[in-house]
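Structure first, commentary second.
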Amino acid sequence: MKRGFVITISTVFIVIFLLSFSMSYRENNEERNSVVSASFVPLKLGFLVDDIENDFNWLLGTEIDVNQGNHLTSIYILDQLPSDQNKYRVIDYADFIETGYAGKQNASIDLDVDSAADGRSELEFWNEINYYYDYEGSNQIDFFVLGEDTNALTYDIYVSVNKSSTHSVPWTWDSGGDVNVNLNYVDLNAAATVIYSGKLDSSIANAYEFNYSLAGGDTFTITVGSIAGNSRALRFSENFSASDARAKTRVRMDQPSIQRRAFAEYAVDLNYSQLDVNYSSRIRLWGG
């Protein structure tokens, strides 16, 4: 009898011990898993931001590079008019990121694309330079500082148009001008090729217009100088259809010896939240 009682009590104590050990192990394991999960969130965030920026930049199609010196900075830009991408797809992309993608990541993601889905994508540089691409209606690209001077010393402009021009209306080169321009233009009419270097007066809008129809109204225009109150600015504009123009530009500009690290970002806000990690930034096309 006594022996049976002792065995029963011992069994009860063993069960209680095992239950206590099991619960403690489970709590510690859950805590360890939580710590490990939390440690992976910042790493996962870095890959997520890279993926979103790469996708977004592909949707908008602009390519840039920057060579930042102590006193002289060069910005390289490659684009196409009209774009070979449907820029309005950023709306569907944002919806995918905020719903399907975020759900699979167990995260909260908000991608505000309003400023890029209103018919114009807005790219902003570290030095107040703006690069606006109007893609609704007549395609137009503007490179400028709002109400100020870009400090551009030289524009190297390379344009290739997949269309045959009939005639052109050139700008007037000015040997006393304050902006150097190296223009290289080519289309399907070999006789229309322009390879010329000269100076322009930045206080006026210097427009070089290429026409692709004798009846008019089918044009590609390059404008350098004062545009909408912005000094030493650059504009590409076209209104032809069933064709395209590729524009490659290098802008060399005077910069102060002390300057911020170069970057270029779209006016698109990315907000991310998961566990105790919160992150907000703009979508970057270039820069660290």
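Atom set for the values below is all heavy atoms of this structure, side chains included, hydrogens, waters and symmetry mates excluded. Along the sequence shown, the residues carry numbers beginning at 1.
The backbone N or O of Asp201 sits nowhere less than 3.5 Å from a side-chain atom of Asp174 that would complete a donor-acceptor pair. Using modelled atom types, no side-chain atom of Asn151 and backbone atom of Met253 make a donor-acceptor pair closer than 3.5 Å. For Ser237 (side chain) and Gln140 (main-chain N/O), no donor-acceptor pair under 3.5 Å exists by modelled atom type. Thr193 places a side-chain N or O within 3.5 Å of a backbone atom of Ala190 that can act as its donor or acceptor partner. When atom types are taken as modelled, the side chain of Lys199 and the backbone of Val179 share no donor-acceptor pair closer than 3.5 angstrom. Checked by atom type and distance alone, the side chain of Tyr133 pairs as donor or acceptor with a backbone atom of Ser83 at under 3.5 Å.
Residues Ser281 and Tyr279 have side chains that bring a donor and an acceptor to within less than 3.5 angstrom of each other. For the residue pair Glu128 and Asn130, no side-chain donor N or O sits within less than 3.5 Å of a side-chain acceptor on the partner. In summary, the side chains of Asn182 and Asp156 do present a donor paired with an acceptor at a separation below 3.5 Å, with no hydrogens or angles considered. No side-chain donor-acceptor contact under 3.5 Å links Asp187 and Ser164. Inspection of the Asn278 and Ser273 side chains reveals an N or O donor paired with an N or O acceptor under 3.5 Å.
Of the charged side-chain nitrogens involved, at least one lies within less than 4.0 Å of a carboxylate oxygen, so that Arg232 and Asp149 count as a salt-bridged pair. Ion pairing between a basic and an acidic side chain is recognised when a charged N comes within 4.0 Å of a carboxylate O; Arg282 and Asp269 show such pairing. Looking at Lys163 and Asp244, no side-chain N of the basic residue comes within less than 4.0 Å of a carboxylate O on the acidic one, giving no salt bridge.
Taking Ala207 as the reference, Thr221, Thr223 meet the side chain to side chain contact (heavy atoms under 4.5 Å, CB included) condition, with sequence neighbours excluded. In this structure, Asp110 has no salt bridge (charged side-chain N to carboxylate O under 4.0 Å, His left out) partners at least two apart in sequence or on a different chain. For Glu265, the salt bridge (charged side-chain N to carboxylate O under 4.0 Å, His left out) criterion is met by Arg284, not counting sequence neighbours. Qualifying side chain to side chain contact (heavy atoms under 4.5 Å, CB included) partners for Ala94, counting only residues two or more places apart in sequence or in other chains: Leu111, Val113.
Evaluation of the ring-ring contact (aromatic ring centres under 6.0 Å, His included) test over residues 134-165, restricted to residues two or more places apart or in two chains, returns Tyr88-Tyr135, Tyr132-Phe144. Judged as a ring-ring contact (aromatic ring centres under 6.0 Å, His included), the pairs with a partner in residues 194-227 (not counting sequence neighbours) are, in order, Trp171-Tyr208, Trp173-Tyr196, Tyr185-Phe210, Tyr208-Phe210, Tyr212-Phe240.
Paired with Ile109 under the rule side-chain contact (heavy atoms from CB on, under 4.5 Å), one option of Thr99, Asn271, Leu270 passes, and it is Leu270.
Residues Tyr131 and Asp142 fail the side-chain proximity criterion, which asks for heavy atoms closer than 4.5 Å.
Note: the hydrophobic cluster containing Ile157 does not contain Val186 (ILVMFWY, side chain heavy atoms under 4.5 Å, direct or indirect links).
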